[in-house]
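Down below is the structure, laid out as structure tokens.
When a ligand or atom number is given, it counts from 1 through the structure's own listing order.
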Amino acid sequence: MINLLSDTVTKPTPGMLQAMMQAEVGDDVFKEDPTVRALEERSAALFAQEAGLFCPSGTMANQIALKVHTRPLEEVLCDETSHIYQYEVAGYAFHSGIGLQLLSGKNGIIQAGQIEAAIRPQQDWLPKSTLVVLENTANKGGGTVYPLNEIEAIRAMCLRRKLALHMDGARIFNACLYAGYSPEHIGRQLDSISVCFSKGLGAPVGSVLLGSRDFIAEARRVRKVMGGGMRQAGYLAAAGLYALDHQVERLAEDHVHARMLAEALAQLDYVAAIRPVQTNIVIFDLIEGVSTAQLLAFLEKNSVKASAFGPQTIRFVTHLDVDRVMIETAMQVLGRFRP
Ligand SMILES: *Cc1c(COP(=O)(O)O)cnc(C)c1O
């Protein structure tokens, strides 16, 4: 099976499994798991933040960030395609009692001026705008990357207008690789960031939330009330440490593979449009009269898995369990489809 459903489908490599088996562990609710602490400290240092918190999922890391940054009746400014809006079960309302103000970005990327114009005036009948969330890379935008100057402009505006800035960095290493900026440089622009180990980095489970010492102290309490206080979680954190050592640079291959798929799609009559491909995500639309169900069924029959991203839209995601030969096979299968 050539599984292009998501970069979450990867399984631990033998080296990663070995690192997990050999992890030194303790009870992390008592802060006594040395491997979890090592992952938190190393991640925080990497992004120039003071502290980190290991979480079972990226969703939990984002939801904790929303909860700690806001009070009920406040609102978050973010792109309309954001993961926190689309795929986190309206958790912003459930956990934090806040709203989202959705902005129309370009392929998931919003701009400083656009965000500033959306800040609410202070009136008793309006929500209070207090937090900006940027998604980098922007998943539903097609794996698009924030340019450094845009992040810097947004940061300057947030400081001026007293807004906090959180980054959903589920795929931040893909963004760094594409844009050529360092995690440290990006981290310095932010109040907090969530980073996934279970996407392209290839770990089975886990994300970290990074921020100031005070922010993370409060985040620990929120993680606990959400049921995310884990005990000997070092077995999982060891996979994250292994990924940082061995599986960051190789993301570049995934980007090459995504571009290969996009170039193949560009030759096909049944493809109407392809979003600009920057990292490991390819989103494309089918021409009228061809349904995603039709193409997905054909792909599945030929051992290629992908996901529907709309009635006429499909998403491919490349990752470490899809090698060059598999990409070439998928390209051939796509070429054989006759609607
Ligand atoms: C995958 C993802 C998350 C977190 O997802 P989990 O499945 O909860 O780990 C958050 N943001 C983005 C943009 C994602 O793609």
Side-chain angles (χ1 to χ4, degrees), residues 3-12 39 43 47 52-67 69 76 78-92 94-95 100 102-103 105 107-110 131-146 151 165-176 178 186 190 192-210 219 222-223 226-228 230 233 236-237 239-240 243 251 254-255 258 275 278-283 306-307 309 315-320:
N3 196 340
L4 301 171
L5 263 185
S6 171
D7 44 7
T8 56
V9 302
T10 57
K11 296 188 180 148
L39 181 64
S43 305
F47 287 88
L53 185 70
F54 188 53
C55 297
S57 70
T59 297
M60 190 185 284
N62 282 336
Q63 290 298 319
I64 292 171
L66 296 182
K67 178 95 183 138
H69 280 305
V76 176
C78 64
D79 184 77
E80 62 197 352
T81 64
S82 300
H83 197 277
I84 58 165
Y85 173 59
Q86 299 277 350
Y87 304 119
E88 298 185 12
V89 213
Y92 56 91
F94 184 70
H95 296 298
L100 301 181
L102 302 175
L103 308 178
N107 295 320
I109 306 294
I110 50 178
L131 173 67
V132 174
V133 174
L134 308 177
E135 189 173 307
N136 195 20
T137 70
N139 169 25
K140 209 170 157 60
T144 40
V145 176
Y146 272 86
I151 297 174
L165 182 58
H166 172 73
M167 184 169 282
D168 178 347
R171 297 187 180 85
I172 187 62
F173 290 105
N174 298 84
C176 289
Y178 176 80
I186 293 308
L190 306 168
S192 60
I193 178 169
S194 59
V195 179
C196 278
F197 295 105
S198 59
K199 295 273 164 80
L201 292 188
V205 175
S207 284
V208 283
L209 176 61
L210 309 171
V222 176
R223 184 185 67 174
M226 287 181 174
M230 298 180 287
L236 301 174
L251 292 170
D254 300 341
H255 297 187
R275 300 286 165 80
Q278 297 185 341
T279 54
N280 69 329
I281 296 177
V282 185
I283 297 178
S307 57
F309 240 49
R315 183 186 77 164
F316 292 152
V317 187
T318 57
H319 52 78
L320 90 170

Mind checking whether N62 contacts ligand 1 via backbone (N, CA, C, O), side chain (CB onward), both or neither, at a 4.0 Å heavy-atom cut-off?
side chain
Distance-only polar pair, side chains of H319 and N280, donor-acceptor under 3.5 Å
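There is no such pair (donor and acceptor under 3.5 Å, judged by atom type) between the side chains of H319 and N280.
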E135 (side chain) donor-acceptor with H83 (main chain) under 3.5 angstrom:
yes
What atoms of ligand 1 come closer than 4.0 angstrom to any heavy atom of [X]?
X	answer
R171	15 (O)
E135	13 (C)
S57	8 (O), 9 (O)

How close does the nearest protein non-hydrogen atom get to [atom], and which residue and atom is it?
atom	answer
atom 7 (O) of ligand 1	T59 OG1, 4.5 Å
atom 1 (C) of ligand 1	K199 NZ, 1.3 Å
atom 9 (O) of ligand 1	G58 N, 2.8 Å

Nitrogen or oxygen atoms of T8 and ligand 1 under 3.5 Å apart:
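No, T8 has no N/O under 3.5 Å of an N/O on ligand 1.
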Would one find an N or O of D168, backbone or side chain, under 3.5 Å from an N or O of ligand 1?
yes
Nearest heavy atoms of [X] and [Y], plus distance in Å:
X	Y	result
I64	C55	CD1-SG, 3.9 Å
V205	F54	O-CZ, 4.2 Å
S192	H166	OG-ND1, 2.7 Å
T81	Q86	O-CG, 3.5 Å

Against ligand 1, does M60 come closer than 4.0 Å with any heavy atom?
no
N/O donor to acceptor pairs below 3.5 angstrom from side-chain atoms of residues 137-146, sequence neighbours left out:
from	atom 1	to	atom 2	distance (Å)
N139	OD1	R315	NH1	2.7
T144	OG1	N107	O	2.5
Y146	OH	I110	N	3.0

